[in-house]
Novice: 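Please find one structure pasted underneath; my questions will follow.
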Amino acid sequence: MFKKARVKLTVWYLLIIMLISSVFSLVIYSAITGELERGFRRTEMRLRTQELELPFFGQSPRLLEEINSQILADLEAAKKRVALFLLMVNAGILAVSSAAGYFLAGKTLKPIEVVMEEQKRFVADASHELRTPLTALKTVIEVALREKKMTVSESKKVLESSLEDVDGLESLVNNLLSLTQYQEGNGNFTYQDLDISELVKNAYKKIAPLAKKKNVKIKLKSGSQIVEANRLSLEQMLVIFLDNAVKYTSKGGQVTLLTKSDKKNLIVKIKDTGIGISKAEIPHIFDRFYRADQSRSKDNVPGFGLGLSLAIRIIDIHKGSVKVASVLGEGTSFTVKLPFKHS
Ligand code: ADP
């Protein structure tokens, strides 16, 4: 598809270039031949005046005619040479602009090709991720429907587990929507001065029930500091890191969130005493739908592998950076640096 578009674009480039070049050549051709004709007429006039004055020409009128026809032949030959030269120049322009046009068309289309490929992969990945829980949900409902003697409490259990799956699907769809919003860069984000300690508290409130359920202690060490940021996305980022830290930490473990600063940046550090991430997997954890082996195998840890890819996009729109340090079986820490001023 892109090959065809590239050839089409090249043809359009060539048509425009050749149209300009042909018009230009025609103008040059008529200017040069006009000048040559005027020169020829001036020479002819001069010869005729000389014919009247010089006895040499007067005696030989045929010589004058011969000279005249010779000049006329030279004029025609000169015109042909000019036409040939212009034709060769145009052929050269055609050859050079074909190559340059093809190259430029490729360069122009490349970013579009990359975006389209990315979109295709995104749709394929998203459909795949949506299909798995949907199939599971469908199976549970079908099995329940086939069951003839189902008690009320059994039916309730099926409904509860289906509702859990639907909740999971809802969060997947919400994450996918957020991801497209950050991806296309079309979310009109507004930035305002925010107190990080307030956002940390809000994020904590959202994760506290899960931490309580898992018996994981969360320690907050965050003083009041003002950062220019987008409220919703920054809070979403804190929730993602806290949620992961709790999710991947076993019972009795501890999660610490601390904020500090250097000259220009706010630094947020989220540390846990969880399962850790292997060195080989660290470079991939920010990829969409990526889940490290140990979290996949632990099927009780819910997730779709979208949290960190959302977090990195949020960090990107805030022109920040993130570092990961982890030891398998000991714990992980994420250090996020966000400039105090967005602009
Ligand atoms: P998920 O929904 O699987 O949590 P994320 O994108 O948030 O997706 O994280 C990607 C993967 O990175 C996780 O599946 C997990 O393997 C790993 N990971 C993220 N945070 C932690 C953490 N604090 N401790 C251990 N592993 C983590």
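Order of listing sets the numbers, starting from 1, for every ligand and every atom in it. As a basis for the values below, the full set of heavy atoms in this structure was taken, side chains included, without hydrogen atoms, waters or symmetry mates.
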Novice: Would you mind running through ligand 1 and noting each atom that sits below 4.0 Å from a heavy atom of Arg291?
Specialist: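 Counting atoms of ligand 1 from 1, those under 4.0 Å from Arg291 are 1 (P), 3 (O), 14 (O).
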Novice: Does the N or O separation between Phe334 and ligand 1 drop below 3.5 Å for any pair?
Specialist: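 The answer is no, given that Phe334 and ligand 1 share no N or O pair closer than 3.5 Å.
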Novice: Which ligand 1 atoms are under 4.0 Å away from a heavy-atom of Lys247?
Specialist: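 So the answer, numbered in order with elements, is 1 (P), 2 (O), 4 (O).
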Novice: Of all the atoms in ligand 1, which lie at a distance below 4.0 Å from a heavy atom belonging to Phe304?
Specialist: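 This gives 2 (O) as the contact atoms.
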Novice: Distance under 4.0 Å to a non-hydrogen atom of Gly305: what atoms of ligand 1 satisfy this?
Specialist: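 Going through ligand 1 atom by atom, the ones under 4.0 Å from Gly305 are 1 (P), 2 (O), 3 (O), 6 (O), 8 (O).
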Novice: Side chain, backbone, both or neither: which applies to Leu306 and ligand 1 if a contact is any heavy-atom pair less than 4.0 Å apart?
Specialist: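 Within the 4.0 Å criterion, Leu306 contacts ligand 1 through backbone atoms alone.
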Novice: Going by atom types alone, do Gln225 and Ser261 pair a side-chain donor with an acceptor below 3.5 Å?
Specialist: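 Side chains of Gln225 and Ser261: pair found under 3.5 Å.
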Novice: Which residues pass the side chain to side chain contact (heavy atoms under 4.5 Å, CB included) test with Glu147, sequence neighbours left out?
Specialist: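 Per chain and number, Glu147 pairs via side chain to side chain contact (heavy atoms under 4.5 Å, CB included) with Met150.
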Novice: Say whether Tyr248, considering both its backbone and side-chain N or O atoms, lies within less than 3.5 Å of an N or O atom on ligand 1.
Specialist: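 N/O-N/O distance under 3.5 Å: yes.
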Novice: Which is closest to atom 19 (C) of ligand 1 by heavy-atom distance: Thr273, Val301, Thr332, Asn244?
Specialist: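 The residue whose heavy atom sits nearest atom 19 (C) of ligand 1 is Asn244.
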Novice: I'd like a table of donor-acceptor pairs (distance under 3.5 Å, sequence neighbours excluded) in which one partner is a side-chain atom from residues 93-113, with atom names and distances.
Specialist:
residue, atom, partner, partner atom, Å
Ser97, OG, Ile93, O, 2.3
Ser98, OG, Leu94, O, 2.5
Thr108, OG1, Tyr13, OH, 3.4
Thr108, OG1, Leu104, O, 2.7

Novice: Can a salt bridge be assigned to the pair Glu198 and Arg231 using a cut-off of 4.0 Å between side-chain N and carboxylate O?
Specialist: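 Yes, charged N to carboxylate O under 4.0 Å.
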Novice: Quick one: are the ring centres of His318 and Tyr191 less than 6.0 Å apart?
Specialist: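 Distance test on ring centres: under 6.0 Å, yes.
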Novice: Parallel, tilted or perpendicular: which fits the ring planes of Phe189 and Tyr182, with parallel below 30° and perpendicular above 60°?
Specialist: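 Taking Tyr182 first and then Phe189, their aromatic rings lie parallel (interplane angle under 30°).
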Novice: Answer side chain, backbone, both or neither: which part of Leu308 comes under 4.0 Å from ligand 1, heavy atoms only.
Specialist: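 Both backbone and side chain of Leu308 come within 4.0 Å of ligand 1.
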Novice: For Ser21 and Ile17, indicate whether the former's side chain and the latter's backbone hold a donor-acceptor pair under 3.5 Å.
Specialist: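 No; zero donor-acceptor contacts below 3.5 Å.
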Novice: Taking the side chain as everything from C-beta on, heavy atoms only, tell me whether Ser333 gets closer than 4.5 Å to Val324.
Specialist: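 The answer is no; the side chains never approach within 4.5 Å.
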Novice: Would you mind running through ligand 1 and noting each atom that sits below 4.0 Å from a heavy atom of Gly303?
Specialist: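 Within the 4.0 Å cut-off of Gly303, ligand 1 contributes 2 (O).
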Novice: Between Tyr290 and ligand 1, which part of the residue brings a heavy atom under 4.0 Å of the ligand: side chain, backbone, both or neither?
Specialist: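 The answer is the backbone of Tyr290.
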Novice: Is it the case that the side chains of Glu281 and Ser278 hold a donor-acceptor pair, with the cut-off being a distance below 3.5 Å and no angle test?
Specialist: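 Short answer, yes.
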Novice: If the cut-off is 4.0 Å to any non-hydrogen atom of Ala292, which atoms of ligand 1 fall inside it?
Specialist: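 Checking each atom against Ala292, I get 14 (O), 16 (O).
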Novice: Should you measure from each heavy atom of Ile277, which atoms of ligand 1 turn up under 4.0 Å away?
Specialist: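 So the atoms of ligand 1 that pass are 18 (N), 25 (C), 26 (N), 27 (C).
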